[in-house]
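Following: one structure in structure tokens, then a few remarks.
Just so you know, these numbers use all the heavy atoms, side chains as well, and skip hydrogens, waters and symmetry mates.
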Amino acid sequence: MKVLNSVVTKLWLTIILIVTTVLIILSVILSMYFRNYMLNSTEALLEEEISRAEEIVLSRHDNQDFDSTLLREDNLIIYRDGQMISQQSSTDREIFSRIIEGGGEGNTFLLDDIGGHDYMVRVSNLSGFFDEDMAIIKYRDLEDINESMTAVTMIILASGFVLFLITTSFAFFLINRITRPLINLKNAAFRTAKGKYNTIETKSRDEIGELTLAFNKMNNDIQNNIEQIEHEKNLREQIFTSINEGVLYFDREVKLIYSNQKGNLLYDYLKSQPDTFEHFHNDIREIAQYRRPAVERVEIKDRHMQFSYTPVEQDHELFGVILLIRDITEEVNTEKMRSEFIANVSHELKTPMVMLSGYSEALIDDIVTGPDEIKEMAGIIKDESDRMNTMVNELITIARMDTGSDFFNIDENDFGDLLEKLAARFRHEMQENGISFTVDTHDSNLLFNFDYDKINQVLTNLLDNAIRYTSEGDGIKIDVTEAGRFAIIEVSDTGAGILPEHQERVFERFYKVDESRTRGKHGTGLGLYIVRSIIHRHNGTIELESEFGSGTTFRIVLPKTNEER
């Protein structure tokens, strides 16, 4: 802030200007009054002296006598018949010359610059008392008066200057005392504007003190209101951030004013789709124009979104449009998966049920009577019953895992014992299909925490898949290694492999790779989903590496010290 803009400076200059003006006017008046007083005193003295000279002249008729008497007086000139009678000093001659030339008017007048001095002159005309022109001229030097006036002027100026200094100091002190609370209020107001709230001490009970009390109350009210607004804002932000929907607020010009974190992500995603983004802006303009809420579903590539538009208006004035964006991709996929689930379960159960019904009727109706044929049909009925039982068990397992009610018994177990039993159970089937089967543990420490039955189910499902997608002459291998506090289990085969477009989806429910390449046993599409769920519940990971036509490897990483997730 500039100095001249300060209240202290303005008040100080105002007081100084008033005081200076008063001092100047008073000094001029005093000087004029003193000068007039001195001049009047001098004029009175001249009048007294010239009256005395008139008495002498009028009382004596002998001109020679009064001439000699009067001529002894200083500053006196007698005029008679155009001649000057005096001591004939240079001053007398100059004054007489000025009078003769008309240098003055009236009986008393001033003559300046005579030998560097000013003189007051008094003329008394006595021509009426004599037969000849007669006048008495008396004058006085004003140098003493001028010197006195100069001294008085200097005294007045010095006094004025001293009064100016005293007034300046007093005014500055007084104004500073008066304006300091105002300056404190100003500084406090700036601090309040910056969010720094403080209370000012009240030192007086005058108007400024009352203003300070009012400011303190206002400051406290502002602080409380700001804190309440900040609390509500933080609460609103937490609410908006915690919800899974994107919240966007646009003004009437379709300018984004506010958005939560989810809204930002979805808005950026929409901007990456120019056509959809333009259509989206047009929808907001229409909502702002017609002021009617609307709900719209939009499909962008592989994502499904639901847009809910709501105009914001008050007293028939539109302020903007609130947009609620829900990413319903998962819901759509879940609904689609549910439909596919019902269709798949129906399809998977229909085939064995038809076969069970058909072969059972054939046995009941004695269509087959030979022992071998009856035994064959009974075997088919058992296989289909086992297949249905497996599917039902897998469905029950998935349901329990989804609800979290499936119990896991994670404790220290011998993974080597599990591999031995698993190899014994599958070795005969491998030999029948001409598949080589090896287990390599690299002398690792196979005692660690896992659920024996669940990991057994995982490896069983992986081996079943490997057998289905291998041919005679292929090989299947289980390889176990250690990496710090993790056990790495790899189940690999040299079978048909999986195409790249199928590799990301093999862990989905009911997803099946081309069944024409399997050995003849068809899976339910639930095995790998169950495998991944069990591994995740062990806080582990499972990855797939496959090259079409060269084989597949499933890599499982399990922590040795583990608790159920």
Side-chain angles (χ1 to χ4, degrees), residues 1-23 161-243 245-253 255-264 310-324:
M1 182 179 67
K2 295 182 178 179
V3 176
L4 293 179
N5 292 333
S6 172
V7 175
V8 176
T9 304
K10 290 180 179 178
L11 290 177
W12 179 71
L13 289 177
T14 301
I15 293 177
I16 293 305
L17 179 63
I18 294 173
V19 171
T20 303
T21 303
V22 171
L23 288 176
F161 181 73
V162 172
L163 289 175
F164 176 82
L165 293 179
I166 294 174
T167 304
T168 299
S169 302
F170 179 75
F172 188 81
F173 173 76
L174 180 62
I175 293 171
N176 191 49
R177 288 289 301 273
I178 295 175
T179 57
R180 181 171 296 279
L182 297 177
I183 295 174
N184 292 336
L185 284 172
K186 179 203 70 173
N187 295 332
F190 278 118
R191 287 194 295 269
T192 299
K194 295 178 181 179
K196 299 178 181 179
Y197 307 99
N198 56 346
T199 301
I200 304 176
E201 182 182 358
T202 305
K203 298 182 178 180
S204 62
R205 291 296 177 180
D206 55 7
E207 290 82 355
I208 296 178
E210 293 177 357
L211 177 62
T212 303
L213 292 175
F215 176 83
N216 289 336
K217 184 179 183 306
M218 180 191 68
N219 199 40
N220 292 332
D221 291 342
I222 291 175
Q223 183 177 5
N224 293 333
N225 292 334
I226 292 296
E227 289 177 353
Q228 184 177 358
I229 292 173
E230 287 290 337
H231 173 71
E232 293 177 355
K233 178 182 177 182
N234 293 334
L235 180 61
R236 184 177 65 248
E237 287 293 336
Q238 291 178 1
I239 293 174
F240 285 159
T241 302
S242 62
I243 63 177
E245 288 80 11
V247 179
L248 304 172
Y249 175 66
F250 297 87
D251 62 7
R252 290 175 293 184
E253 305 299 329
K255 181 181 178 181
L256 182 62
I257 303 300
Y258 171 81
S259 65
N260 62 353
Q261 184 176 3
K262 183 69 173 180
N264 278 331
T310 303
V312 179
E313 55 182 336
Q314 184 178 4
D315 298 332
H316 305 291
E317 181 180 358
L318 180 71
F319 293 97
V321 176
I322 291 180
L323 172 61
L324 185 66

What residues, two or more places apart in sequence or in another chain, satisfy side-chain hydrogen bond (donor to acceptor under 3.5 Å, both in side chains) together with Asn216? none

The single option from Leu23, Val19, Val22 passing side-chain contact (heavy atoms from CB on, under 4.5 Å) against Leu163: Leu23

For residues 211-222, which residue pairs pass the salt bridge (charged side-chain N to carboxylate O under 4.0 Å, His left out) check, not counting sequence neighbours? Lys217-Asp221

By side-chain contact (heavy atoms from CB on, under 4.5 Å) - contacts of Thr20 (at least two apart): Ile16, Ile24, Phe164

Any residue meeting side-chain hydrogen bond (donor to acceptor under 3.5 Å, both in side chains) with Ser259, in chain and number order, not counting sequence neighbours: Asn264

Rounded distance [0.5 Å steps], CZ in Phe250 versus CG in Leu323: 6.0 Å

Can you find a heavy atom in the side chain of Val312 that is under 4.5 Å from one in the side chain of Tyr249? yes

Answer yes or no: is there a side-chain heavy-atom contact under 4.5 Å between Asp251 and Phe319? no

Going by salt bridge (Lys or Arg N to Asp or Glu O under 4.0 Å), name the residues that satisfy it together with Glu230, two or more places apart in sequence or in a different chain. none

Are the side chains of Leu248 and Ile322 in contact, using a 4.5 Å heavy-atom criterion? no

Of all residues at least two apart in sequence or in a different chain, which pass the side-chain hydrogen bond (donor to acceptor under 3.5 Å, both in side chains) check with Asn225? none

Going from CG on Leu324 to CG on Asn260, what distance comes out if it is rounded to the nearest 0.5 angstrom? 9.0 Å

